[in-house]
Each structure stands twice: as C-alpha cells, then as structure tokens.
Amino acid sequence: MRARIAVCRSCGTASNRVHGRYSREVTDVPIAGVATKIQLHVRRFICGNAACAVRTFVEQVDGVTRRRVRSTDGLRRTLTAIGLALAGRAGARLGAVLGMVTSRSSLLRLVRALPDPPERPVTVLGVDDFAIKKGQNYGTVLIDCEDGRVIDLLPGRDAAPLAGWLDAHSKPEVICRDRASAYAEGARTGAPDAVQVADRFHLWQNLAKAVERCVARYKNCLQESVVAPVDKQPDAAGGPEPSSAMAQRRREHHRLVHDLLGPGAGIRQIARHLGWSHNTVSRYARAATWQEMVVGQKARPSSLDPFKPHLLRRIAEGCLKAATLHREITAQGFTGKYGIVRAFVEQHRTRPDLGKMAKPPSVREVTGWICRHPDHLVERDTDRLEAFLGRCPELAAAADLVRSFAHMLTGLHGDRLGEWIAAAQQAGLPGITSFANGLISDLDAVTAGLTMPHSSGPVEGNVNRIKMLKRQMYGRAGFDLLRKRVLLAS
C-alpha cells in the first residue's frame with residue numbers, strides 16, 4: 001500500500017502535499033541474461049519547511065531507488081562486487097556477457113565510493129613494503145597477523161607514514177617487521193611500548209646472502225673437478241671392420257658420442273662441446289652400432305688421399321698446424337683448398353672428454369647446499385658438499401655457523417643469540433661476520449624474533465595478493481583504487 005506522506009531527503013520534514021506525478025524507469029539485475037527494466041509511478045511532494053534548500057522532492061522506494069540514479073540498489077551491489085573482483089575492463093566484459101552493460105569507469109566509481117571497513121583493535125601488527133612501480137614507487141601494507149586481514153595501505157615506505165598511522169589508531173602490542181631501519185624507527189616513534197619482532201624469514205634470507213658472499217670469497221675451493229668413470233662401448237660383436245676413411249670416421253665419431261652419453265651428458269651439451277650440429281649428434285646417439293651410420297653410403301675418393309700418408313706421419317710427429325701441412329703437400333702437388341686439410345687435421349685433435357670432467361658447482365648452488373637442511377639434500381650433493389668443506393676450512397666453519405643459527409631459529413632459542421654472534425665475530429668470515437655485526441644494531445627485535453612465535457608470514461602472502469591485483473589492473477591503478485580493492489576484495 002502506498003504511503004500517504006513522504007520525507008524530504010534534504011531536511012527530513014514529512015509532507016503530504018503532492019505536487020505532481022510522473023513515470024520513472026530504473027534498470028534492475030538481469031534475469032537469465034536478459035536486461036530487466038522496472039517502471040515506477042512516483043509522486044513529487046512539496047516540502048513544507050520554508051528553510052529547506054529544495055522546494056519539491058520525489059518519493060523514493062527504500063532498497064530500490066535513489067535520487068538521480070537510474071539503476072536499482074541490487075544492480076549497483078552486483079556491479080560493485082564485479083568491480084571489486086575484476087576491476088574495470090575485465091568487469092565490464094563480464095557484465096556485458098551477463099546482460100549488465102556498463103563501462104569500466106562506472107565500475108571503478110562504484111568501487112571508489114565504497115566506505116572503508118570498520119576499524120578493529122589489532123594485537124599483532126605486521127608491516128612490510130610492496131612495489132607500486134618497481135624500482136620507483138613503493139607503499140606499506142599493514143596486516144593483522146592473527147587473522148591475516150589487511151588493515152590499511154600507506155603511501156611510501158618511510159618511518160613517517162607508519163608513525164602517523166600508529167598515532168591515529170589503537171596501539172598494537174606486537175609489531176612484526178623486516179629489518180628495515182625505517183620501519184623500526186616508525187614503530188618506535190608511533191608505538192614505543194610495542195614489542196618489535198624481526199621476522200625469521202627475513203633473518204634467514206639475510207643470512208643466505210651473507211653465506212653467498214662468503215662462498216664467493218672462497219670460490220677457488222670449488223674449482224677441483226670430480227672424476228667420473230667412463231665405460232667404453234665395445235663395437236658390435238662380429239661387426240665388419242672399417243674399410244675406408246669415411247667408415248673409420250663414422251666408427252670414431254660413434255664411439256665418441258656414446259662415450260659422452262654414458263656419464264649423462266645431454267645431446268645439446270655434446271653438440272656444443274664437439275662443434276657439431278644437434279641433428280648430427282642425435283643421429284649418432286640413436287645408432288646402436290657405428291655400422292648403421294655407413295649403411296647405403298659409398299666412400300668417394302678424395303683429392304687428399306695420395307697425401308694422407310705424409311699427413312698422418314707429420315701428425316704423429318706432433319704437427320697439428322693445418323696451414324703448415326697445407327703448404328707442405330701443396331709443394332708436393334696438392335691442388336685442393338686449405339679447408340680440406342684443416343678438416344682432416346681436426347679429426348686427429350685430442351678433445352677433452354666431457355664424461356670425465358664434471359662442471360664445478362656455482363656459488364649459488366653451494367650456498368643452497370649449505371643453507372638447506374642436510375636431510376633434504378640428495379646423496380650426490382651431500383658427498384660433493386662434504387668434499388668442498390673438507391678442502392676449505394673456512395667454508396666448513398661457515399656451514400657450522402649456519403646450522404647452529406638454523407637450530408636456534410627453528411627451535412626459538414633466542415637466548416643463544418649472543419653466544420652465536422660472538423662465535424661469528426671470532427670466525428672472521430666475509431659476509432657472515434658482517435651479518436653478525438648487523439644483528440647487534442637491532443638486537444632486541446632479533447632476539448624477540450628468535451624467541452616469540454610471531455612472524456610476518458601473513459604479510460608476505462598479502463604482498464603476493466597485491467601483486468596479483470596490480471597485474472589485473474595492468475599496473476595503471478591509482479593508489480586510492482588499489483587500496484580499496486585490497487581492503488574490500490575478498
């Protein structure tokens with residue numbers, strides 16, 4: 001039943017004086033993908049308050065219409081949810097498929113018009129930075145570490161924004177942060193009574209970088225090669241002996257390729273090592289015997305054949321210079337090109353066997369072995385690491401310090417930190433000693449991080465979520481829109 005009176009939205013005065021009537025059309029949520037229009041017959045009332053700024057006003061249907069808006073509240077809520085989930089362009093495309101034609105700008109206006117979530121007290125606050133534009137512009141994200149909820153986003157990653165936010169809100173009891181001095185200063189200024197906790201992940205990350213510098217300093221210990229046995233592949237039993245130079249080359253090349261394949265070298269690696277094409281090495285690798293490489297091929301005479309005895313004798317004497325040999329046989333009547341002689345000499349050069357020369361590990365690879373739990377290493381890596389540590393006492397001392405720090409970090413034995421710092425300083429290792437000295441400047445927070453169960457794990461997860469939202473908006477979102485989506489998008 002229609003009400004007899006209506007309330008002025010400007011001054012709140014009730015009125016029953018009807019000024020006129022007219023038809024109004026509003027768009028509602030589509031039904032089965034078909035756009036829905038609602039026709040309303042509304043009345044215009046005269047406001048009886050002489051002090052009111054408006055003379056007449058239109059009655060509104062609660063939950064359906066709003067002043068100067070041509071869509072229902074239900075449609076606005078649906079479009080707002082699409083804008084929060086997909087932002088402008090993607091949201092507009094989905095809306096068109098569902099029968100809700102709108103523009104990306106309209107979706108973004110709906111998102112920006114949403115109110116911020118209500119403030120709730122925070123006990124454990126997580127602080128970290130994120131890149132708005134990597135290398136140029138950064139922001140700060142604040143997280144409730146107990147439930148993983150994003151509390152706010154601040155522009156910049158300096159001490160002032162964090163201190164200002166803490167001054168304007170209820171003070172947390174614990175602040176989890178990385179080891180950035182700006183956040184330490186901001187937390188100390190805005191919440192001096194809060195316990196600052198250095199995140200264990202960042203502590204381990206800093207230690208890994210220190211270990212990498214230490215391994216790089218003693219890189220010479222990694223240069224020794226590991227000899228791997230090579231099993232020679234015998235020729236096929238009963239196979240014919242090579243009867244021509246071409247067959248001899250096929251036999252030698254087949255044996256060379258299979259000798260390198262035995263210890264585990266790849267076809268691409270062998271091709272680079274021998275200077276052959278990938279297809280050539282593949283054909284030799286697929287052939288079980290060298291005889292398969294000469295089936296259907298006939299040896300053709302070469303202009304070099306009369307001079308091969310002289311070349312073989314000179315090569316046996318140790319002369320492997322193709323230019324010298326070319327001049328000698330040219331004086332004897334050879335009329336061919338220099339490249340023919342060079343190709344013949346190349347067949348008799350001694351090449352290193354990849355199967356016997358193991359590539360030395362990189363600095364980062366050895367750093368990973370040292371920083372990884374021993375139970376998570378494969379047997380081969382464990383043996384190689386023990387060999388390196390046995391040759392370099394400095395790296396052995398670094399590995400002992402890393403393992404003791406890992407035990408202290410996983411077991412929350414922060415009371416042993418002072419003893420560990422003293423041992424690291426006494427060792428005098430590059431990188432690790434500097435890391436230990438840096439812990440002293442933030443000793444209270446580091447001790448709390450190695451003692452208390454709090455960490456910045458929820459913060460890192462939300463930083464990854466912010467990156468996803470940024471990519472979804474093609475990196476062009478302003479800070480205000482990014483903040484709304486991070487705070488309100490579930």
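Just the heavy atoms: all of them, side chains too, but no hydrogens, waters or symmetry mates, feed the values below. Positions are given from 1, in the same order as the sequence printed here.
A distance-only check finds a donor-acceptor pair linking the side chain of R200 to the backbone of G449 [under 3.5 Å].
For the residue pair Q425 and N437, a side-chain donor N or O sits within less than 3.5 Å of a side-chain acceptor on the partner.
Summarising the geometry, atom CG belonging to L162 is positioned 14.0 Å from atom CZ belonging to R157; distances are rounded to the nearest 0.5 Å.
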I'd like a table of donor-acceptor pairs (distance under 3.5 Å, sequence neighbours excluded) in which one partner is a side-chain atom from residues 87-105, with atom names and distances.
residue	atom	partner	partner atom	Å
S103	OG	S106	N	3.2
S103	OG	S106	OG	3.0

Under 3.5 Å donor-acceptor pairs involving side-chain atoms of residues 164-176, not counting sequence neighbours:
residue	atom	partner	partner atom	Å
W165	NE1	D152	OD2	3.1
H169	ND1	W165	O	2.8
K171	NZ	L166	O	3.0

Which pairs of donor and acceptor atoms, one on a side chain in residues 76-86, lie under 3.5 Å apart (sequence neighbours left out)?
residue	atom	partner	partner atom	Å
T78	OG1	G74	O	3.0
T80	OG1	R76	O	2.6

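For the side-chain contact (heavy atoms from CB on, under 4.5 Å) test with L125, the passing option among I151, D144, I143 is I151; the others fail.
Among residues at least two apart or in separate chains, side chain to side chain donor-acceptor pair (under 3.5 Å) pairs with a member in residues 20-32 are S23-H41, R24-Q60, E25-Q39, T27-K37, D28-T72.
Both tests do not hold together for R177 against Y183: distance to the six-membered ring centre under 6.0 Å, angle to the ring axis within 45°.
For the pair T280 and L274, the minimum side-chain heavy-atom distance is 4.5 Å or more.
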For this session: Could you check R120 against D147 for salt bridge (Lys or Arg N to Asp or Glu O under 4.0 Å), going step by step and ending with a plain yes or no?
Result: CA-CA 12 Å; R120 291 188 294 177; D147 59 7; 3.7 Å; yes
Problem set entry | Worked check of side-chain contact (heavy atoms from CB on, under 4.5 Å) between L443 and L417 | CA-CA 9 Å; L443 186 60; L417 179 61; 3.6 Å; yes
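Taking the six-membered ring where the residue is Trp, Y284 and H253 present perpendicular rings, their angle passing 60° and hence far from 30°. Between F479 and F130, the two ring planes are parallel [angle under 30°; tilted spans 30° to 60°].
When the ring pair (Phe, Tyr, Trp, His ring centres under 6.0 Å) test is applied to H413, the partners found at least two apart in sequence or on another chain are H407. Listed by chain and number, the residues in a ring pair (Phe, Tyr, Trp, His ring centres under 6.0 Å) with H373 are H376 (sequence neighbours excluded).
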